[in-house]
Amino acid sequence: MTFSYDNPYATTRHPVFARNMVATSHPLAAQAGLRMLQQGGNAVDAAVASAAAMTICEPVSNGLGSDAFCILWDGQQLHGLNAAGCAPAKWSVDYFRRKYGDDASAPPKRGIDSVTVPGAVAAWVQLNKRFGRLPLADVLAPAIEIAERGYLVPPVVCQKWAAAVPELQSQPGFADAFMPWGRAPQVGELFRFPAAAQALRRIAASRGVAFYGGEIAHAIQRFAAAQGGVIEAGDFERYQPEWVEPLSVGYRGYTLHEIGPSGQGIAALMALGMLNHFDLGALGAHSVSAKHVQIEAMKLAFADVYRHVAEPSWMAVTPAQMLDESYLKSRARLIRMNKAQDFGPGLPRQGGTIYLTAADESGMMVSFIQSNYLGFGSGCVEPGFGISLQNRGHGFSLQGDSPNVVAPGKRPFHTIIPAFLSQDGQPVMSFGVMGAHMQPQGHVQTLVRMLDHGQNPQAACDAPRWRANPDGTLNVEASADPAVVQGLKDRGHRIEALADSYQDFGAGQFIWRLGDPKTEGYIGASDSRRDGLVAGF
């Protein structure tokens, strides 16, 4: 691939070139990963170190009680890791109906009854055990140091932290952990998290056993019971992440790989499968038509994803059926070039997040994402070990006819999705974009800019984005060309303006392999919408 290095977008960033590389949304986390590479570790060691540091540096978006997913190239083949947490054994539709009434349509958005078993720590342990080069204690050391010594809170994190306080300050453990002055930290204030440092030390010493059935799990059980919750240490002890084969679809001579359901990565695959039937390169990167076609393809994909996707054993159709080439072609035919439409689901033929990536000169590449879902997750924080618990249980339904109906041990619908690009069976790029249902849309938009229009990863990262919403509205970033926005309105798109680029249009990191990593290395890019950093040598 020959990129243009002319970046037409307002940015102060340039792509980074190196043989060993880490890209994250917080500089201290990128430095933690780079430290592992400099100590003789590999890309997995770097990714786990960065992920652990991110739980401290950006607690709004993730924590020790998060879930995670990973796609990695080990130098020979691609692997997927699904570390989505499962529902507690005592969860059922009846459990929630008794507590919240017959009118409740889903588990609560916040509080202890939104918490499923966290999977992120299990992901770190599995990655370290199977592919890491350094001891887990060494890999977690930077995060422990940051938690104990503290760090100065940056503006972007500060903004989201303060916004969450009014809703979450009454949740158990939240104020003690995240309002050390009786309020959210201000920009530049030193935030320490010694309880989380204690948890990280126990996790490192026990290689995760303390978290999954040991003393941390029992502490969470006691904490949950005090709040009327039913998650127990046994739920943690039974939990295991799952190694999976990523799903894929071909596009412009490349192959995009995503983790399959119950995640929404299949939406990006479906949209690209439809876009295969349009010549986007001929339409031009900045044209109304190019954006219109991508938006309509995403809307079609989401219509199916929201109707059909759940844990695979609960789906009425298979992922293979949803990705069937003839089915995607039939869906692409529904797109009208001059008119925006509201699409319903088709019937395939029957048969708050952080993202980071790391690569090393041996050729190993890691695409990793973890999240507590909505900002600060459930808002519940176990005080002894600083476990900020996610709220993925809110992704379940209480409707019996939904494939996402809650059930014991089941995984809920998931939004976080790492991505990976290959060509002819060889690795090309590890990448991801953060932000709820913006994630597959970010994957599609950045790939189209790189593969159809030849933009380099940093330019593709910096370009203004759009976001199609489940209610049929469309958000367009403030930096978008007004003429393009008007053109989309003329075709019937219902556009609502949003000014918050950090949250509403995602942020991402990209590492593109140039050739032999020992001699040619990688290109790295990090989104200017967040305080990200690409570090390498």
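For reference, positions follow the sequence shown, starting with 1.
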Return the minimal non-hydrogen interatomic distance between [X] and [Y], and the atom names on each side.
X	Y	result
Gly384	Ala195	O-CB, 3.8 Å
Arg513	Gly515	NE-O, 2.8 Å
Leu533	Ser526	N-OG, 3.5 Å
Asn82	Tyr239	O-OH, 4.2 Å
Val22	Leu34	CG2-N, 3.8 Å
Leu140	Leu200	CD1-O, 3.9 Å

Open item on the list: Can you tell whether the side chains of Asp527 and Arg465 come within less than 4.0 Å, N to carboxylate O?
Closed with: yes
Open item on the list: Check this for me: does any side-chain nitrogen of one of Asp462 and Arg13 sit under 4.0 Å from a carboxylate oxygen of the other?
Closed with: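 So Asp462 does not pair with Arg13 through a salt bridge.
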TODO: Indicate the ring-plane relationship of Tyr373 and His394, choosing parallel, tilted or perpendicular according to the 30° and 60° boundaries.
DONE: tilted
Task: Parallel, tilted or perpendicular: rings of Phe236 and Tyr212 (30°, 60°) - done: tilted
Quick one: are [X] and [Y] in side-chain contact, heavy atoms under 4.5 Å?
X	Y	answer
Phe69	His414	yes
Leu168	Phe178	no
Ser66	Pro118	no
Trp124	Leu64	yes
Met21	Val534	yes
Arg110	Asn391	yes
Met54	His26	yes
Ser430	Ile511	yes

Open item on the list: Would you say the ring centers of Phe396 and Trp314 fall short of 6.0 Å from each other?
Closed with: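 Ring centroids of Phe396 and Trp314 are no less than 6.0 Å from each other.
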TODO: For this output row, return yes or no: ring centroids of Phe431 and Trp512 closer than 6.0 angstrom.
DONE: no
Task: With Thr353, the side-chain contact (heavy atoms from CB on, under 4.5 Å) member among Ser61, Ser25, Ser371 - done: Ser371
Open item on the list: Would you say that more than 12 heavy atoms from the other residues, nucleotides or ligands in this model lie under 6.0 Å from the CZ of Arg35, or not?
Closed with: yes
Open item on the list: Ignoring hydrogens and geometry beyond distance, is a side-chain donor-acceptor pair present between Trp243 and Gln126 at under 3.5 Å?
Closed with: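 A pair is found: one side chain offers a donor N or O, the other an acceptor, under 3.5 Å apart.
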Open item on the list: Let's go through Gln390 and Asp67 carefully: what are the C-alpha distance in whole Å and the side-chain angles of both, what is the deciding distance for side-chain hydrogen bond (donor to acceptor under 3.5 Å, both in side chains) to 0.1 Å, and is it a yes or a no?
Closed with: CA-CA 8 Å; Gln390 41 85 326; Asp67 284 353; 3.2 Å; yes
